[in-house]
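Residue numbers run from 1 in the order of the sequence given.
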Amino acid sequence: MAEQSYKNHLRFYPPHHFVFYPVLTGLLGFSLYYLFTSTDKILWIFITILIVLMGWLSFMMRQHYALTLQNRIIRLELRYRYFTVTGKRLDEVAEQFTDSQLFALRFCMDSDLPAMVEKAIAENLSAKQIKAQIKNWNADNCRV
């Protein structure tokens with residue numbers, strides 16, 4: 001894997017993103033075609049609704065379970081790293097951040113973390129701005 005940076009930190013799961021969703025999209029296209037060309041409209045309406053629900057539910061379940069757990073782990077890791085580096089609890093300043101801002105801070109190296117926390121508070125930086133201003137990128141290669 002190439003060294004992680006702001007430009008390449010997104011990650012894909014090929015069986016899910018490049019197999020399941022394309023197959024689901026093809027099935028949806030197939031069902032929509034038959035919905036408009038078949039004489040049995042009720043059946044194809046039902047099949048189309050099932051395919052749409054299957055895609056929506058798979059996306060929501062995948063996202064919800066994986067990201068909820070990972071977000072919790074990232075918060076704990078960031079608290080630990082901040083305490084290790086500064087000797088102070090992150091809880092003292094954490095309420096000033098949104099979750100996305102906290103998650104962006106995980107990409108800071110330990111040496112840059114206290115300064116970036118202060119800068120983010122002082123300048124009210126968004127998550128995107130925090131990630132863009134990180135000079136020494138701490139890769140997160142385990143994020144799903």
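Pro22 approaches Val19 most closely through the heavy-atom pair CD-O, 3.3 Å. For Gly55 against Ser58, the heavy-atom pair with the smallest separation is O-OG, 2.9 Å. The shortest non-hydrogen separation linking Gln4 to Asn141 is NE2-OD1, 3.8 Å. Across all their heavy atoms, Ala127 and Ser100 have their closest contact at CB-O, 3.3 Å.
Rounded to the nearest 0.5 Å, atoms OG1 (Thr86) and CZ (Arg81) are 11.5 Å apart. With rounding to the nearest 0.5 Å, the separation of CD in Glu95 from CZ in Phe97 is 9.5 Å. Once rounded to the nearest 0.5 Å, the distance linking CG of Leu69 with CD1 of Ile74 reads 9.5 Å. To the nearest 0.5 Å, atoms CG (Leu90) and CZ (Arg79) are separated by 7.0 Å. Between the OH atom in Tyr82 and the NZ atom in Lys88 there is a gap of 5.5 Å [rounded to 0.5 Å]. Distance CG/Asn138 to OG/Ser111: 9.5 Å, rounded to 0.5 Å.
Comment: Asp140 engages Arg106 in a salt bridge, judged by a side-chain N to carboxylate O separation of less than 4.0 angstrom.
Contacts classified as side-chain hydrogen bond (donor to acceptor under 3.5 Å, both in side chains) and involving residues 44-53 (residues at least two apart or in different chains) are given here: Ser31-Thr48. Residue pairs meeting the salt bridge (Lys or Arg N to Asp or Glu O under 4.0 Å) criterion with at least one partner in residues 31-44, sequence neighbours excluded, do not occur; the list is empty.
Remark: the backbone N or O of Leu35 is not paired with any side-chain donor or acceptor of Ser38 at under 3.5 angstrom. The closest donor-acceptor contact from the side chain of Tyr21 to the backbone of Pro15 lies at 3.5 Å or more, if one exists at all. A donor-acceptor contact shorter than 3.5 Å is absent between the side chain of Asn136 and the backbone of Cys108. For Gln101 (side chain) and Leu125 (main-chain N/O), a donor-acceptor pair under 3.5 Å exists by modelled atom type.
Linking ILVMFWY side-chain heavy atoms closer than 4.5 Å, directly or via other members, places Phe46 and Phe36 in two distinct hydrophobic clusters. Linking Ile, Leu, Val, Met, Phe, Trp and Tyr residues whenever their side-chain heavy atoms come within less than 4.5 Å places Leu57 and Leu24 in a single cluster. Met60 and Tyr65 fall into different hydrophobic clusters, defined by Ile, Leu, Val, Met, Phe, Trp and Tyr side-chain heavy atoms under 4.5 Å apart, directly or through other members. Residues Tyr34 and Ile47 fall within the same hydrophobic cluster, defined by Ile, Leu, Val, Met, Phe, Trp and Tyr side chains chained together at heavy-atom separations under 4.5 Å. When hydrophobic clusters are built by joining Ile, Leu, Val, Met, Phe, Trp and Tyr residues whose side-chain heavy atoms come closer than 4.5 Å, directly or via intermediates, Leu53 is grouped together with Phe59.
For Thr84, the side-chain contact (heavy atoms from CB on, under 4.5 Å) partners are Tyr80, not counting sequence neighbours. Residues passing the side-chain contact (heavy atoms from CB on, under 4.5 Å) test with Arg75, sequence neighbours excluded: Asn71, Arg72, Asp99, Phe103.
Between His9 and Phe107, the angle of the ring planes goes over 60°, which puts this pair in the perpendicular group of the 30/60° scheme. Under the 30°/60° scheme for interplanar angles, the aromatic rings of Phe20 and His16 are found to lie parallel.
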Return a table of donor-acceptor pairs under 3.5 angstrom between the side chains of residues 114-121 and protein atoms on other chains or two or more places apart.
unit_1	atom_1	unit_2	atom_2	d
Lys119	NZ	Gln133	OE1	2.7

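Annotation: side chain of Lys131 is in contact with side chain of Trp137 (closest heavy-atom distance under 4.5 Å). The shortest side-chain heavy-atom distance between Leu102 and Leu78 falls under the 4.5 Å cut-off.
Applying the 4.5 Å side-chain rule to ILVMFWY residues, one finds that Met109 remains a lone member of its cluster.
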